[in-house]
Each structure stands twice: as structure tokens, then as C-alpha cells.
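To keep things clear, I will list the structure first and then write my remarks on it.
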Amino acid sequence: GAVVSQHPSRVICKSGTSVKIECRSLDFQATTMFWYRQFPKQSLMLMATSNEGSKATYEQGVEKDKFLINHASLTLSTLTVTSAHPEDSSFYICGGQGGYNEQFFGPGTRLTVL
Amino acid sequence: EDQVTQSPEALRLQEGESSSLNCSYTVSGLRGLFWYRQDPGKGPEFLFTLYSAGEEKEKERLKATLTKKESFLHITAPKPEDSATYLCAVGLDTGTASKLTFGTGTRLQVTL
């Protein structure tokens, strides 16, 4: 399968700070990238979909001004959590989709906001 | 409303004890039924994609099947390393990409 990396794998920050998470497709071009969050013992919930060079499409209930997504190239997407608060603590996972139907996922980023 | 339901929520098997996991769905515009494996603290690992009723795919001890309303993931003679959460997801046609809606998963534990 195709490989997707995420960085950092774990981040702890203070309330009110911003955190950027990078997602890279290493061996394919991801024309579309997806960002999910996952709470303990729950499934993945889609936050937003982004196409390279276009604005992201956010799911209902997801604040676009809080979760900034940039998909500047076919191999890189970033998620910035602005003014993070403890309730934003979660496991964030990106998925990349190229010229096929399958999504391939990164290893995830554990965000803890103190 | 599109829905994906997985059962059982948790399953404990002894090594070598075969079983099946269920994924039932009600969606419109299905663009594939996907199975993933997720280990604790990691992202989902792709297993299978099924597109049409009657389709079957196999990989080692796993076999996935699809009907018009549900999919099964059969695990034959499981080993402890098969312990993980198995997620199914349906792909919904958004025109340019396939948006996934996930079920809540089945947590499988295989013991010696």
C-alpha cells in the first residue's frame, strides 16, 4: 500500500497556542487529502476534505477558522489547530487519496492541550 | 441518512478459533466498501476494497465478502497478532473523491 507520514506523532501544548500538523504522501500524489479526529474507543470522524490548490471543505460542526487546512502540493497537507483548548485534545489522522479509490492513512498525531 | 454499523463491538477468540465480523450499511451512491485494521495509537491500515455484491477478497487469514446490505470479514484460524480493531467504511461519491464514513469498529482480541 501507499505510505503516508505525519509529523509530529505527539504534541503537548498550552491552552491558547496554535499547533501545526503535517501530512505527507511519500510514494504517491494525493490529489485529495482528508483530516479525521478520533476520540478514545471511538471511530474516525471526518473533519474536512481538501484538494490540492483549493480551499478545504469542512464537515458540519467543524469550525473552519479553528482548524486551518492547507493543501499546497500533491504531497503535503497541513492542519493547524488555532488557539487550542483542552477539548481539542484528540488523535488526528490524515488520509491521502490519489488516482485510485482507496484512502491511505498516516500514523496519527496525538494532541494534548493542557 | 447514511449509516454504517459494525458488530460485535468486541470479540475475544482463542488462537485457531475462526469467526466473522459484520458490517451492515445503508447508503446511497456507494463507491466501495473498505476494510481497515487499526492498532492502538496508530492510523488505519488498508486491507480490502469491495465494489459489488458477490465480490470476495482474501489476504492471508482474512477474507472479505460483500452483499447489497452488508459485508463480512472472515478470520480463519486467527493468531494473537491478528488482535486489533477492524474498521469498515463506505465510500460515498463526492464527484472528485471518495469520502469515507466509518463504522465504530470491532475490537478483536486473540488469545493463546
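Chain letters run A, B, ... following the sequence lines, proteins first and then strands; every chain starts at 1. Worth knowing before you read on, the calculation uses all heavy atoms, side chains too, and leaves out hydrogens, waters and symmetry mates.
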Given the options Gly103(B), Gly91(B), Ala89(B), which has more heavy-atom pairs under 4.5 Å with chain A than any of the others? Gly103(B)
Quick one: which of Pro44(B), Gly105(B), Gly32(B) has the most heavy-atom pairs under 4.5 Å with chain A, could you say?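 Option with the top pair count is Pro44(B).
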In terms of heavy-atom proximity below 4.5 Å to chain A, should [X] be classed as side chain, backbone, both, or neither?
| X | value |
| --- | --- |
| Leu87(B) | side chain |
| Gln38(B) | side chain |
| Phe34(B) | side chain |

What residues of residues 80-94 of chain A sit under 4.5 Å from chain B when only non-hydrogen atoms are counted? Phe91(A), Ile93(A)
Above 12 or not: heavy atoms from other molecules or residues under 6.0 Å from CZ of Arg61(B)?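 Correct, the count exceeds 12.
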Would you say NZ of Lys42(B) has more than 12 non-hydrogen atoms from neighbouring residues, nucleotides or ligands within 6.0 angstrom?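 No.
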Residue Gln38(A) versus chain B: region with a heavy atom under 4.5 Å: side chain
Shortest non-hydrogen contact from [X] toward [Y]:
| X | Y | result |
| --- | --- | --- |
| Val4(A) | Cys23(A) | CG1-SG, 3.6 Å |
| Lys57(B) | Thr49(B) | NZ-O, 2.9 Å |
| Trp35(A) | Thr78(A) | CZ2-C, 3.9 Å |
| Thr104(B) | Gln6(B) | N-OE1, 3.8 Å |

Does any N or O in the side chain of [X] come within less than 3.5 Å of the main-chain N or O of [Y], such that one atom is a donor and the other an acceptor?
| X | Y | result |
| --- | --- | --- |
| Tyr25(B) | Lys68(B) | yes |
| Thr106(B) | Ala10(B) | no |
| Gln6(A) | Gly108(A) | yes |
| Tyr58(A) | Phe67(A) | yes |
| Glu55(B) | Tyr51(B) | yes |

Could you please state which residues from residues 73-86 of chain B sit under 4.5 angstrom from chain A, measuring non-hydrogen atom to non-hydrogen atom, sorted by number, or 'none'?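 Not one residue of residues 73-86 of chain B has a heavy atom under 4.5 Å from chain A.
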So which residue, Ser43(A), Gly95(A), Ser9(A), Gly106(A), ends up with the most heavy-atom pairs under 4.5 Å with chain B?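 Ranked by heavy-atom pairs under 4.5 Å with chain B, first place is Ser43(A).
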Any idea how Phe34(A) and Tyr36(A) line up, ring-wise: parallel (<30°), tilted (30 to 60°), or perpendicular (>60°)? tilted
Using 30° and 60° as the class boundaries, would you call the ring planes of Phe28(A) and Phe104(A) parallel, tilted or perpendicular?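 Perpendicular: the ring planes of Phe28(A) and Phe104(A) meet at over 60°.
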